[in-house]
Amino acid sequence: VTSRPGRSTPELYEAAQGGDRTAVARLLSLIERGGDEARHIGRLAAPSAGAAYTVGITGAPGSGKSTLTSALVGRVRANGADVAVLAIDPSSPFTGGAILGDRVRMQDHATDVGVFIRSMATRGHLGGLALATPEAIRLLDALGRRLILIETVGVGQVEVEVAGKADTTIVVVNPGWGDSVQANKAGLMEVADIFVVNKADRAGADETRRDLDQMLDLAGPAEWPTHESPGSWRPPIVLTVATDATGVAELWTAVDDHRRHATESGLLERRRDARMQEELGEIVSRRLRQHARLLCGEERWRELTEAVLERRLDPWSAAEEMIAPLT
Ligand SMILES: Nc1nc2c(ncn2[C@@H]2O[C@H](COP(=O)(O)OP(=O)(O)O)[C@@H](O)[C@H]2O)c(=O)[nH]1
Ligand SMILES: [Mg+2]
(Lines give C-alpha, C1' and ligand atoms only; values in the text may rest on other atoms or scores of the structure.)
(Ligands and ions follow the chains in the order given, each with its own letter.)
Protein backbone atom coordinates (compact mmCIF):
# COMPACT_ATOMS: atom_id res chain seq x y z
CA VAL A 1 0.00 0.00 0.00
CA THR A 2 1.40 3.40 -0.91
CA SER A 3 0.63 6.31 1.34
CA ARG A 4 -0.48 9.55 -0.23
CA PRO A 5 0.54 12.29 2.15
CA GLY A 6 -1.32 14.90 0.12
CA ARG A 7 -4.83 13.76 1.09
CA SER A 8 -6.94 16.18 3.10
CA THR A 9 -8.46 15.19 6.42
CA PRO A 10 -11.99 14.61 5.01
CA GLU A 11 -10.49 12.57 2.16
CA LEU A 12 -8.53 10.48 4.63
CA TYR A 13 -11.63 10.00 6.75
CA GLU A 14 -13.68 8.86 3.80
CA ALA A 15 -10.96 6.43 2.74
CA ALA A 16 -10.75 5.13 6.32
CA GLN A 17 -14.50 4.53 6.31
CA GLY A 18 -13.99 2.45 3.19
CA GLY A 19 -11.49 0.25 5.02
CA ASP A 20 -8.23 1.90 3.94
CA ARG A 21 -5.88 1.00 6.81
CA THR A 22 -3.18 3.42 5.67
CA ALA A 23 -5.71 6.22 5.96
CA VAL A 24 -6.62 5.08 9.50
CA ALA A 25 -2.94 5.07 10.47
CA ARG A 26 -2.51 8.53 8.97
CA LEU A 27 -5.51 9.89 10.90
CA LEU A 28 -4.13 8.45 14.13
CA SER A 29 -0.81 10.20 13.46
CA LEU A 30 -2.67 13.48 13.05
CA ILE A 31 -4.49 12.85 16.33
CA GLU A 32 -1.16 12.12 18.01
CA ARG A 33 0.16 15.46 16.81
CA GLY A 34 -2.85 17.36 18.16
CA GLY A 35 -3.97 20.79 16.99
CA ASP A 36 -6.47 21.78 14.29
CA GLU A 37 -6.32 18.53 12.31
CA ALA A 38 -6.94 16.46 15.42
CA ARG A 39 -9.96 18.62 16.27
CA HIS A 40 -11.26 18.26 12.73
CA ILE A 41 -11.04 14.47 12.94
CA GLY A 42 -12.79 14.58 16.31
CA ARG A 43 -15.67 16.48 14.76
CA LEU A 44 -15.93 14.04 11.85
CA ALA A 45 -15.88 10.99 14.09
CA ALA A 46 -18.07 12.06 17.01
CA PRO A 47 -21.50 11.58 15.35
CA SER A 48 -20.78 7.93 14.50
CA ALA A 49 -19.05 6.98 17.77
CA GLY A 50 -20.51 5.41 20.90
CA ALA A 51 -20.89 1.73 20.08
CA ALA A 52 -17.41 0.46 20.92
CA TYR A 53 -16.51 -1.28 24.17
CA THR A 54 -13.06 -0.46 25.56
CA VAL A 55 -10.89 -2.73 27.67
CA GLY A 56 -7.76 -1.28 29.27
CA ILE A 57 -4.75 -3.44 30.12
CA THR A 58 -2.31 -1.72 32.44
CA GLY A 59 0.59 -2.55 34.73
CA ALA A 60 4.32 -2.06 35.15
CA PRO A 61 6.68 -2.32 32.15
CA GLY A 62 7.59 -5.95 31.54
CA SER A 63 4.62 -7.37 33.42
CA GLY A 64 3.42 -8.99 30.18
CA LYS A 65 0.72 -6.56 29.02
CA SER A 66 1.58 -6.90 25.33
CA THR A 67 1.83 -10.68 25.48
CA LEU A 68 -1.48 -10.81 27.32
CA THR A 69 -3.11 -8.38 24.88
CA SER A 70 -1.93 -10.54 21.99
CA ALA A 71 -3.40 -13.62 23.69
CA LEU A 72 -6.69 -11.76 24.24
CA VAL A 73 -6.75 -10.82 20.57
CA GLY A 74 -6.37 -14.51 19.75
CA ARG A 75 -9.27 -15.31 22.06
CA VAL A 76 -11.54 -12.65 20.57
CA ARG A 77 -10.68 -13.65 17.00
CA ALA A 78 -11.50 -17.27 17.82
CA ASN A 79 -15.02 -16.02 18.50
CA GLY A 80 -14.99 -14.30 15.12
CA ALA A 81 -15.18 -10.71 16.33
CA ASP A 82 -13.04 -7.82 15.04
CA VAL A 83 -10.73 -6.03 17.41
CA ALA A 84 -8.51 -2.95 17.50
CA VAL A 85 -5.49 -2.56 19.76
CA LEU A 86 -4.02 0.75 20.86
CA ALA A 87 -0.69 0.47 22.64
CA ILE A 88 -0.04 3.77 24.36
CA ASP A 89 3.65 4.24 24.90
CA PRO A 90 5.05 7.28 26.63
CA SER A 91 8.16 6.92 24.51
CA SER A 92 11.16 8.16 26.33
CA PRO A 93 14.51 7.14 24.83
CA PHE A 94 14.42 4.27 27.30
CA THR A 95 11.17 2.71 26.20
CA GLY A 96 11.79 3.16 22.47
CA GLY A 97 12.62 -0.53 22.26
CA ALA A 98 9.33 -1.53 23.82
CA ILE A 99 7.39 -0.63 20.69
CA LEU A 100 9.59 -2.92 18.65
CA GLY A 101 9.02 -5.65 21.23
CA ASP A 102 5.27 -5.11 21.00
CA ARG A 103 5.44 -5.40 17.22
CA VAL A 104 7.17 -8.74 17.52
CA ARG A 105 4.59 -10.01 20.01
CA MET A 106 1.70 -8.81 17.89
CA GLN A 107 3.13 -10.37 14.74
CA ASP A 108 0.81 -13.38 15.01
CA HIS A 109 -2.00 -11.01 14.07
CA ALA A 110 -0.13 -8.85 11.56
CA THR A 111 -1.83 -10.27 8.48
CA ASP A 112 -5.31 -10.62 10.00
CA VAL A 113 -7.66 -7.97 8.57
CA GLY A 114 -9.95 -8.43 11.57
CA VAL A 115 -7.24 -6.93 13.76
CA PHE A 116 -6.01 -3.35 13.74
CA ILE A 117 -2.94 -2.63 15.86
CA ARG A 118 -1.40 0.72 16.50
CA SER A 119 1.28 2.01 18.87
CA MET A 120 0.73 5.59 19.95
CA ALA A 121 3.89 7.33 21.04
CA THR A 122 3.45 10.49 22.99
CA ARG A 123 7.05 11.69 22.93
CA GLY A 124 6.98 12.80 26.51
CA HIS A 125 3.93 15.05 26.16
CA LEU A 126 1.87 13.38 28.83
CA GLY A 127 -0.76 16.13 28.69
CA GLY A 128 -1.19 15.27 25.01
CA LEU A 129 -1.73 11.65 25.93
CA ALA A 130 -4.81 12.53 27.96
CA LEU A 131 -6.46 14.18 24.96
CA ALA A 132 -5.11 12.01 22.15
CA THR A 133 -6.19 8.70 23.68
CA PRO A 134 -9.96 9.36 23.82
CA GLU A 135 -9.73 10.94 20.37
CA ALA A 136 -8.01 7.85 18.93
CA ILE A 137 -10.61 5.62 20.56
CA ARG A 138 -13.41 7.76 19.15
CA LEU A 139 -11.97 7.43 15.65
CA LEU A 140 -11.70 3.63 15.80
CA ASP A 141 -15.17 3.52 17.34
CA ALA A 142 -16.63 5.67 14.56
CA LEU A 143 -14.94 3.48 11.96
CA GLY A 144 -16.90 0.52 13.27
CA ARG A 145 -14.56 -1.25 15.67
CA ARG A 146 -16.77 -2.74 18.36
CA LEU A 147 -13.98 -3.82 20.68
CA ILE A 148 -10.88 -1.78 21.47
CA LEU A 149 -8.07 -3.04 23.69
CA ILE A 150 -5.87 -0.32 25.12
CA GLU A 151 -2.47 -1.18 26.54
CA THR A 152 -1.03 1.51 28.80
CA VAL A 153 1.93 1.58 31.13
CA GLY A 154 0.69 1.88 34.69
CA VAL A 155 3.34 4.16 36.09
CA GLY A 156 2.85 7.83 36.72
CA GLN A 157 -0.29 9.73 37.48
CA VAL A 158 -1.30 10.62 33.93
CA GLU A 159 -0.82 7.08 32.66
CA VAL A 160 -2.86 5.63 35.48
CA GLU A 161 -5.54 8.19 34.79
CA VAL A 162 -5.63 7.22 31.14
CA ALA A 163 -5.55 3.54 32.11
CA GLY A 164 -8.57 3.97 34.34
CA LYS A 165 -10.71 5.38 31.58
CA ALA A 166 -11.66 2.18 29.80
CA ASP A 167 -15.06 0.55 30.22
CA THR A 168 -13.30 -2.40 31.85
CA THR A 169 -9.80 -2.02 33.28
CA ILE A 170 -7.47 -4.98 33.79
CA VAL A 171 -4.49 -4.44 36.10
CA VAL A 172 -1.58 -6.80 35.52
CA VAL A 173 0.88 -7.71 38.27
CA ASN A 174 3.48 -10.46 38.56
CA PRO A 175 4.30 -12.96 41.29
CA GLY A 176 6.84 -11.76 43.77
CA TRP A 177 7.05 -10.03 47.05
CA GLY A 178 5.77 -6.49 46.93
CA ASP A 179 4.40 -6.39 43.39
CA SER A 180 0.85 -5.94 44.57
CA VAL A 181 2.08 -3.33 47.03
CA GLN A 182 3.70 -1.43 44.16
CA ALA A 183 0.47 -1.56 42.19
CA ASN A 184 -1.32 -0.18 45.20
CA LYS A 185 1.14 2.68 45.54
CA ALA A 186 0.84 3.56 41.88
CA GLY A 187 -2.90 4.04 42.33
CA LEU A 188 -3.69 0.98 40.21
CA MET A 189 -5.77 -0.57 42.96
CA GLU A 190 -8.44 2.07 42.50
CA VAL A 191 -8.82 1.56 38.76
CA ALA A 192 -8.81 -2.24 38.66
CA ASP A 193 -12.04 -3.93 37.63
CA ILE A 194 -10.09 -7.17 37.20
CA PHE A 195 -6.69 -8.21 38.53
CA VAL A 196 -4.37 -10.48 36.60
CA VAL A 197 -1.40 -12.22 38.18
CA ASN A 198 0.56 -12.89 34.99
CA LYS A 199 3.68 -15.09 34.82
CA ALA A 200 1.86 -17.53 37.07
CA ASP A 201 4.41 -20.12 35.85
CA ARG A 202 6.80 -18.47 38.29
CA ALA A 203 6.96 -19.02 42.04
CA GLY A 204 4.78 -16.96 44.30
CA ALA A 205 1.64 -16.54 42.17
CA ASP A 206 -0.67 -17.84 44.87
CA GLU A 207 0.91 -15.56 47.49
CA THR A 208 0.37 -12.59 45.22
CA ARG A 209 -3.24 -13.61 44.73
CA ARG A 210 -3.63 -13.75 48.52
CA ASP A 211 -1.98 -10.32 48.88
CA LEU A 212 -4.40 -8.81 46.43
CA ASP A 213 -7.32 -10.54 48.06
CA GLN A 214 -6.33 -9.15 51.44
CA MET A 215 -5.91 -5.69 50.01
CA LEU A 216 -9.39 -5.85 48.54
CA ASP A 217 -10.71 -6.95 51.92
CA LEU A 218 -8.92 -4.13 53.73
CA ALA A 219 -10.08 -1.50 51.27
CA GLY A 220 -13.62 -2.82 51.40
CA PRO A 221 -16.42 -2.22 48.90
CA ALA A 222 -16.30 1.54 49.42
CA GLU A 223 -12.94 1.66 47.67
CA TRP A 224 -13.52 -0.85 44.91
CA PRO A 225 -13.76 0.89 41.56
CA THR A 226 -17.47 0.23 41.37
CA HIS A 227 -18.26 1.81 44.72
CA GLU A 228 -21.22 3.57 43.13
CA SER A 229 -22.93 0.22 43.43
CA PRO A 230 -21.38 -1.14 46.64
CA GLY A 231 -20.71 -4.81 47.04
CA SER A 232 -22.01 -5.76 43.66
CA TRP A 233 -18.65 -6.14 41.91
CA ARG A 234 -15.58 -7.31 43.72
CA PRO A 235 -12.64 -7.26 41.28
CA PRO A 236 -11.82 -10.90 40.54
CA ILE A 237 -8.20 -12.10 40.48
CA VAL A 238 -7.21 -14.24 37.50
CA LEU A 239 -3.91 -16.14 37.19
CA THR A 240 -2.43 -16.28 33.69
CA VAL A 241 0.60 -17.43 31.74
CA ALA A 242 0.29 -15.08 28.79
CA THR A 243 3.07 -16.77 26.81
CA ASP A 244 0.99 -19.95 26.40
CA ALA A 245 -2.47 -18.40 26.88
CA THR A 246 -3.13 -20.24 30.14
CA GLY A 247 -5.97 -18.52 31.99
CA VAL A 248 -6.80 -16.26 29.08
CA ALA A 249 -10.20 -17.86 28.48
CA GLU A 250 -11.00 -17.33 32.16
CA LEU A 251 -9.83 -13.71 31.89
CA TRP A 252 -12.09 -13.14 28.92
CA THR A 253 -15.01 -14.56 30.88
CA ALA A 254 -14.22 -12.09 33.68
CA VAL A 255 -14.26 -9.24 31.15
CA ASP A 256 -17.63 -10.42 29.84
CA ASP A 257 -18.98 -10.68 33.40
CA HIS A 258 -17.81 -7.19 34.25
CA ARG A 259 -19.24 -5.82 31.05
CA ARG A 260 -22.61 -7.37 31.87
CA HIS A 261 -22.48 -6.05 35.42
CA ALA A 262 -21.50 -2.54 34.26
CA THR A 263 -24.24 -2.46 31.64
CA GLU A 264 -27.01 -3.78 33.86
CA SER A 265 -26.13 -1.74 36.96
CA GLY A 266 -25.89 1.53 35.04
CA LEU A 267 -22.22 1.82 35.97
CA LEU A 268 -21.17 1.84 32.32
CA GLU A 269 -23.39 4.79 31.50
CA ARG A 270 -22.25 6.74 34.56
CA ARG A 271 -18.60 6.12 33.74
CA ARG A 272 -19.08 7.18 30.14
CA ASP A 273 -20.95 10.31 31.16
CA ALA A 274 -18.26 11.21 33.67
CA ARG A 275 -15.54 10.65 31.06
CA MET A 276 -17.31 12.76 28.50
CA GLN A 277 -17.83 15.56 30.98
CA GLU A 278 -14.19 15.50 31.98
CA GLU A 279 -13.05 15.51 28.38
CA LEU A 280 -15.34 18.40 27.52
CA GLY A 281 -14.04 20.38 30.49
CA GLU A 282 -10.48 19.65 29.39
CA ILE A 283 -11.17 20.78 25.83
CA VAL A 284 -12.88 23.98 26.99
CA SER A 285 -10.03 24.98 29.30
CA ARG A 286 -7.43 24.22 26.64
CA ARG A 287 -9.27 26.24 24.03
CA LEU A 288 -9.78 29.15 26.42
CA ARG A 289 -6.11 29.18 27.34
CA GLN A 290 -5.03 29.15 23.70
CA HIS A 291 -7.44 31.94 22.94
CA ALA A 292 -6.41 34.02 25.94
CA ARG A 293 -2.74 33.59 25.05
CA LEU A 294 -3.42 34.78 21.53
CA LEU A 295 -5.30 37.89 22.69
CA CYS A 296 -2.89 38.67 25.51
CA GLY A 297 0.09 38.42 23.18
CA GLU A 298 2.99 36.00 23.39
CA GLU A 299 5.37 38.57 24.88
CA ARG A 300 3.09 39.79 27.67
CA TRP A 301 2.12 36.19 28.45
CA ARG A 302 5.77 35.31 28.92
CA GLU A 303 6.46 38.42 31.01
CA LEU A 304 3.60 37.58 33.34
CA THR A 305 4.74 33.97 33.66
CA GLU A 306 8.25 35.14 34.47
CA ALA A 307 6.96 37.60 37.06
CA VAL A 308 5.16 34.75 38.81
CA LEU A 309 8.23 32.51 38.66
CA GLU A 310 10.34 35.29 40.19
CA ARG A 311 7.63 35.90 42.79
CA ARG A 312 7.19 39.52 41.80
CA LEU A 313 3.54 38.76 41.09
CA ASP A 314 1.04 36.32 42.56
CA PRO A 315 -0.46 33.75 40.17
CA TRP A 316 -4.01 35.02 40.68
CA SER A 317 -3.21 38.54 39.52
CA ALA A 318 -1.19 37.19 36.60
CA ALA A 319 -4.06 34.90 35.54
CA GLU A 320 -6.47 37.82 35.87
CA GLU A 321 -4.46 39.87 33.41
CA MET A 322 -3.89 36.91 31.08
CA ILE A 323 -7.61 36.28 30.67
CA ALA A 324 -8.68 39.93 30.83
CA PRO A 325 -9.02 40.27 27.02
CA LEU A 326 -11.44 37.32 27.05
CA THR A 327 -13.75 38.84 29.62
N1 LIG B 1 7.56 -16.66 32.15
C2 LIG B 1 6.66 -15.83 31.62
N3 LIG B 1 7.09 -14.80 30.87
C4 LIG B 1 6.15 -13.98 30.33
C5 LIG B 1 4.77 -14.17 30.56
N6 LIG B 1 4.11 -13.18 29.93
C7 LIG B 1 5.03 -12.40 29.33
N8 LIG B 1 6.28 -12.89 29.57
C9 LIG B 1 7.56 -12.32 29.09
O10 LIG B 1 7.80 -11.10 29.78
C11 LIG B 1 8.47 -10.18 28.93
C12 LIG B 1 7.71 -8.86 28.88
O13 LIG B 1 6.48 -9.06 28.21
P14 LIG B 1 5.67 -7.87 27.51
O15 LIG B 1 4.40 -8.45 27.04
O16 LIG B 1 6.52 -7.16 26.52
O17 LIG B 1 5.45 -6.90 28.75
P18 LIG B 1 4.85 -5.40 28.75
O19 LIG B 1 6.03 -4.47 28.85
O20 LIG B 1 4.04 -5.33 30.00
O21 LIG B 1 4.06 -5.19 27.52
C22 LIG B 1 8.60 -10.84 27.59
O23 LIG B 1 9.88 -11.39 27.48
C24 LIG B 1 7.53 -11.93 27.64
O25 LIG B 1 7.84 -13.03 26.81
C26 LIG B 1 4.35 -15.28 31.36
O27 LIG B 1 3.19 -15.50 31.62
N28 LIG B 1 5.36 -16.07 31.86
MG1 LIG C 1 4.11 -3.64 26.06
Side-chain angles (χ1 to χ4, degrees), residues 28 32 54-76 83-110 115-124 126 129 132-133 136 148-156 158-160 162-164 166 168-180 182-183 185-188 191-192 194-209 212 237-252 254-255:
L28 287 169
E32 245 172 358
T54 55
V55 177
I57 297 110
T58 191
S63 54
K65 299 178 298 300
S66 295
T67 315
L68 198 61
T69 303
S70 181
L72 282 172
V73 166
R75 177 81 210 156
V76 171
V83 59
V85 178
L86 276 180
I88 315 283
D89 199 310
S91 75
S92 73
F94 307 105
T95 58
I99 294 182
L100 185 64
D102 288 348
R103 287 225 180 95
V104 172
R105 266 176 282 288
M106 296 290 175
Q107 220 154 43
D108 293 349
H109 310 292
V115 183
F116 182 88
I117 297 168
R118 167 68 185 226
S119 278
M120 296 242 300
T122 52
R123 300 180 191 93
L126 285 179
L129 180 73
T133 306
I148 304 170
L149 307 182
I150 307 145
E151 179 190 335
T152 48
V153 179
V155 286
V158 181
E159 290 93 333
V160 170
V162 171
T168 298
T169 298
I170 301 169
V171 169
V172 184
V173 300
N174 294 145
W177 190 84
D179 207 52
S180 47
Q182 290 306 323
K185 271 196 205 149
L188 287 175
V191 299
I194 298 165
F195 282 104
V196 164
V197 181
N198 185 45
K199 306 196 184 182
D201 52 324
R202 295 193 179 164
D206 281 320
E207 284 92 323
T208 304
R209 184 218 300 262
L212 287 170
I237 303 162
V238 183
L239 269 57
T240 61
V241 182
T243 36
D244 65 11
T246 302
V248 169
E250 198 191 342
L251 174 58
W252 195 244
V255 171

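Atoms within a ligand are numbered from 1 in the order they appear, just like the ligands themselves. Since the model is a prediction, treat every value here as computed from it, not as a measurement. The first residue in the sequence is number 1, and the count goes up from there.
- Closest heavy-atom contact between V196 and T240: CG1-OG1, 3.2 Å.
- The minimum heavy-atom distance between P175 and T208, with the atom names listed, is CA-OG1, 3.3 Å.
- Looking only at N/O/S atoms, E151 comes nearest to the Mg ion (ligand 2) through OE2.
- Among the atoms of S66, an N, O or S atom falls under 2.8 Å of the Mg ion (ligand 2).
- Looking at ligand 1, you'll find an N or O of G62 within less than 3.5 Å of one of its N or O atoms.
- If you number the atoms of ligand 1 from 1 as listed, the ones under 4.0 Å from a heavy atom of T67 come out as 7 (C), 13 (O), 14 (P), 15 (O), 24 (C).
- Between L239 and R209 the shortest side-chain heavy-atom distance falls below 4.5 Å.
- By the salt bridge (charged side-chain N to carboxylate O under 4.0 Å, His left out) test, D244 is found to be paired with no residue, residues two or more places apart in sequence or in another chain being considered.
- Taking a cut-off of under 4.0 Å to the non-hydrogen atoms of A242, the atoms of ligand 1 that pass are 6 (N), 26 (C), 27 (O).
- Here the side chain of N198 pairs a donor or acceptor atom with the backbone of S63 at under 3.5 angstrom.
- At under 3.5 Å, a nitrogen or oxygen of G64, whether backbone or side chain, sits near a nitrogen or oxygen of ligand 1.
- Counting only heavy atoms from C-beta outward, the side chains of I57 and V172 approach each other to under 4.5 Å.
- Near E151, the atoms of ligand 1 lying under 4.0 angstrom from a non-hydrogen atom of the residue are 21 (O).
- One option in T243, T58, N174 has a heavy atom closer to atom 26 (C) of ligand 1 than any other, and that option is T243.
- Close approach to D201 involves these atoms of ligand 1, each under 4.0 Å from a residue heavy atom: 1 (N), 2 (C), 26 (C), 27 (O), 28 (N).
- Heavy atoms of A60 come nearer than 4.0 angstrom to ligand 1 in at least one pair.
- Every salt bridge (charged side-chain N to carboxylate O under 4.0 Å, His left out) that R118 has, sequence neighbours left out, goes to E32.
- Heavy-atom separations between G59 and ligand 1 are all 4.0 Å or longer.
- The heavy-atom pair separating V238 from A254 by the smallest distance is CG2-CB, 4.3 Å.
- Taking distance alone, with nitrogen or oxygen atoms compared against 3.5 Å, P61 stays at or beyond that limit from ligand 1.
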